[in-house]
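Report on the structure given below.
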Amino acid sequence: MPAPTPLFPVDPEAAPVLFLTLVLVVPTVLAIVVAMLFQAVRAALRRAWLRALGMVSCGATAVVLGLAALALMGAVSAAEQGGSGSSPLIPCRIPGQPVERVVDYRINLLPLGFSCVLADGSSYGTDEVPWYLTPLAGGLALLAAGALYAGRNSPRTAEG
């Protein structure tokens with residue numbers, strides 16, 4: 001019976017080159033391709049996480065500002081209601097403040113709040129809108145802007 005012919009005949013002089021190619025070059029190229037894919041996926045996931053953080057922060061900012069607006073609307077509604085017992089303005093009835101001289105109210109935008117205006121033009125703030133809502137909304141808005149900016153401008157590869 002004749003000897004079977006090899007499937008891929010190899011020239012004996014080319015055997016060392018083929019061996020080096022199969023043992024060194026192919027695994028090296030494969031490792032480089034896998035590393036590049038891993039870095040690209042990692043960079044894409046980092047961008048996705050930053051965008052998700054930005055979107056959640058935007059939503060949280062809207063919720064906090066909505067709560068502040070709701071508290072402010074409640075104070076304005078209480079101040080605008082007429083009838084018996086409406087003078088001085090209901091939100092302005094704070095112990096230790098000159099409530100008998102209150103003539104009007106004012107809405108402050110920064111920080112978001114409700115102030116009672118006295119007859120001499122001065123004013124004092126009330127507790128109708130919690131003090132921490134404005135800085136919380138500002139901090140969340142800055143976090144959202146930073147995360148969205150970083151997610152948009154992060155490098156497409158992990159090189160930089």
In one Ile/Leu/Val/Met/Phe/Trp/Tyr side-chain cluster, 4.5 Å: [X], [Y]:
X     : Y      : result
Leu65 : Leu72  : no
Ile90 : Tyr105 : no
Trp49 : Tyr149 : no
Ile94 : Val117 : no

Ignoring hydrogens and angles, write down the donor-acceptor pairs under 3.5 Å from the side chains of residues 127-148, residues two or more places apart or on other chains.
unit_1: Thr134; atom_1: OG1; unit_2: Leu112; atom_2: N; d: 3.0

What residues form a side-chain contact (heavy atoms from CB on, under 4.5 Å) with Ser77, not counting sequence neighbours? none
Can you check whether Leu70 reaches Met73 side chain to side chain, under 4.5 Å on heavy atoms? yes
Scanning both residues in full, the closest heavy-atom pair of Ala75 with Pro91 reads O-CG, 3.3 Å
Residue pair Tyr124 / Val99: nearest heavy atoms and the distance that separates them: OH-CG1, 3.9 Å
Please round to the nearest 0.5 Å and tell me the distance separating atom [atom1] of [X] and atom [atom2] of [Y].
X      : Y      : atom1 : atom2 : answer
Thr126 : Arg93  : OG1   : CZ    : 13.5 Å
Arg47  : Arg152 : CZ    : CZ    : 13.0 Å
Ser123 : Asn108 : OG    : CG    : 7.0 Å
Leu53  : Cys58  : CG    : SG    : 9.5 Å

Let's go through Cys116 and Leu89 carefully: what are the C-alpha distance in whole Å and the side-chain angles of both, what is the deciding distance for side-chain contact (heavy atoms from CB on, under 4.5 Å) to 0.1 Å, and is it a yes or a no? CA-CA 8 Å; Cys116 299; Leu89 300 175; 5.6 Å; no
